[in-house]
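What follows is one structure encoded as structure tokens, with my remarks underneath.
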Amino acid sequence: MVRAEQVWKSYGSLDVLRGIDLEVELGEVLCLLGPSGSGKSTFLRLINHLEKLDAGRLSVDGELVGYRQRGHKLHELTDREIGAQRAAIGMVFQRFNLFPHLSVVDNVTIGPVKVKGTGKAEARERAVALLERVGLKDKVAAYPSQLSGGQQQRVAIARALAMDPKLMLFDEPTSALDPELVGEVLDVMRGLAADGMTMVVVTHEMGFAREVADQVVFMDGGEILEQGAPADVLSNPTNERFQAFLSKVL
């Protein structure tokens with residue numbers, strides 16, 4: 001579903017990503033671990049072309065992200081074409097980014113209606129079903145300011161799912177939440193994983209990574225230093241930097 005081949009990204013003289021090679025299979029959950037500034041979130045943003053890579057190739061479901069190849073050259077897609085690619089990739093951010101002036105159900109329906117041309121009645125029916133799935137059917141008419149952080153994040157997940165994505169990206173979805181609210185968001189993500197959703201998750205929740213991930217990747221300094229099944233790499237890390245990181249977060 002996701003293939004990165006020698007992906008580089010720099011800001012000025014700072015190399016944020018240094019030749020990332022990575023694959024995520026259909027239905028797989030990949031958890032990206034690492035300290036702040038290691039390049040995890042940048043890599044996530046490259047997957048849906050919120051950032052442009054400087055070198056290498058990145059594809060989702062066999063299709064280059066943000067570019068098409070002509071001969072030996074890559075040409076950037078038009079804004080409309082990039083938008084169509086993004087519509088198939090759901091993304092949930094640290095901050096919930098809900099529209100404060102819209103009700104919960106309108107936050108969930110606006111994407112399908114505006115982007116995909118779905119009828120309002122059909123979009124609302126689907127939104128209510130998704131809100132029920134994330135445990136918020138009773139909050140359909142509420143506004144974001146009336147919700148807890150955990151509830152807002154669950155609305156954000158429902159909003160992403162309303163676009164019927166083939167891939168879900170999560171950028172530290174619980175880091176802005178009070179500790180007692182983290183579990184309700186992780187429970188929704190566990191349900192998505194159980195349903196076979198392909199997910200790339202930047203997280204510091206080691207218990208979630210151990211339980212749900214098919215593959216764990218540790219990044220630092222823009223490079224992958226260790227990767228493998230969570231039972232292997234979290235219990236018996238071989239990289240010294242990863243060992244030091246785990247000693248502080250476990």
Side-chain angles (χ1 to χ4, degrees), residues 1-2 4 7 9 11 14 16-17 20 22 24 28-53 58 60 65-66 82-83 85-99 107-108 111 134 144 147-163 165-179 181-193 197-209 211-224 227 230 245 249:
M1 180 59 78
V2 181
V7 169
K9 177 65 180 177
Y11 298 105
L14 176 63
V16 180
L17 294 173
I20 298 295
L22 193 61
V24 184
E28 188 173 63
V29 178
L30 169 72
C31 282
L32 287 173
L33 312 178
S36 297
S38 59
K40 310 181 303 296
S41 293
T42 298
F43 179 67
L44 213 63
R45 292 172 67 84
L46 287 174
I47 293 176
N48 65 358
H49 207 59
L50 290 174
E51 302 277 357
K52 300 178 185 180
L53 52 74
L58 187 55
V60 171
V65 174
I82 291 168
Q85 286 190 333
R86 285 194 188 128
I89 303 172
M91 187 158 185
V92 178
F93 300 87
Q94 294 180 31
R95 299 290 175 178
F96 325 119
N97 293 351
L98 300 179
F99 296 111
N107 263 281
V108 179
V134 301
L147 305 181
S148 70
Q151 290 171 331
Q152 290 187 62
Q153 193 63 294
R154 284 186 280 156
V155 174
I157 294 172
R159 180 181 60 183
L161 292 174
M163 297 294 288
K166 54 191 173 185
L167 169 68
M168 284 286 285
L169 309 176
F170 294 87
D171 190 4
E172 298 193 36
T174 60
S175 65
L177 301 179
D178 293 333
L181 302 177
V182 168
E184 63 191 47
V185 174
L186 293 181
D187 283 344
V188 172
M189 294 170 65
R190 288 186 184 95
L192 292 177
M197 175 64 74
T198 309
M199 298 160 58
V200 181
V201 185
V202 174
T203 185
H204 291 296
E205 299 292 339
M206 295 299 138
F208 176 83
E211 175 190 351
V212 178
D214 298 289
Q215 183 182 177
V216 168
V217 168
F218 175 72
M219 293 177 62
D220 193 23
E223 298 180 312
I224 293 174
Q227 68 184 104
F245 175 81
V249 299

How many angstroms lie between atom [atom1] of [X] and atom [atom2] of [Y], to the nearest 0.5 angstrom?
| X | Y | atom1 | atom2 | result |
| --- | --- | --- | --- | --- |
| I224 | F218 | CD1 | CZ | 11.5 Å |
| S175 | Q153 | OG | CD | 8.5 Å |
| R159 | F96 | CZ | CZ | 11.0 Å |
| I47 | L53 | CD1 | CG | 11.0 Å |
| M199 | C31 | CE | SG | 7.5 Å |
| L177 | Q94 | CG | CD | 10.0 Å |

For residues [X] and [Y], determine if any side-chain heavy atom of one lies less than 4.5 Å from a side-chain heavy atom of the other.
| X | Y | answer |
| --- | --- | --- |
| T42 | L17 | yes |
| L169 | V92 | no |
| L192 | I157 | yes |
| Y11 | V16 | yes |
| F208 | V182 | no |
| L161 | M168 | yes |
| L22 | V7 | no |
| L46 | V65 | no |

Heavy-atom closest pair, residues [X] and [Y]:
| X | Y | value |
| --- | --- | --- |
| A158 | V134 | CB-CG2, 4.2 Å |
| M206 | F245 | CE-CE2, 3.8 Å |
| G111 | M163 | C-SD, 3.4 Å |
| M189 | P173 | SD-CG, 3.8 Å |
| A160 | M91 | CB-N, 4.2 Å |
| L33 | A209 | CD2-CB, 4.5 Å |

- Query: Can you list the steps and then say if V24 with V29 is a side-chain contact (heavy atoms from CB on, under 4.5 Å)?
  - Reply: CA-CA 8 Å; V24 184; V29 178; over 6 Å; no
- Show the numbers, then the answer: is there a side-chain contact (heavy atoms from CB on, under 4.5 Å) between I20 and K9? CA-CA 10 Å; I20 298 295; K9 177 65 180 177; over 6 Å; no
For residues 165-174, the side-chain hydrogen bond (donor to acceptor under 3.5 Å, both in side chains) pairs (sequence neighbours left out) are S41-D171, D61-K166, T174-E205
Backbone N or O of [Y] within a donor-acceptor pair of the [X] side chain at under 3.5 Å?
| X | Y | result |
| --- | --- | --- |
| K40 | P35 | yes |
| R86 | N48 | yes |
| R45 | E51 | no |
| E28 | Q215 | no |
| Q151 | S148 | yes |
| Q85 | V60 | no |
| N107 | L98 | no |

Verify side-chain contact (heavy atoms from CB on, under 4.5 Å) between L30 and Q227, making sure each step is shown before the conclusion. CA-CA 10 Å; L30 169 72; Q227 68 184 104; over 6 Å; no
**Asked** Checking side-chain contact (heavy atoms from CB on, under 4.5 Å) for the pair V155/L147: CA distance, chi angles, key distance, verdict?
**Response** CA-CA 10 Å; V155 174; L147 305 181; 3.9 Å; yes
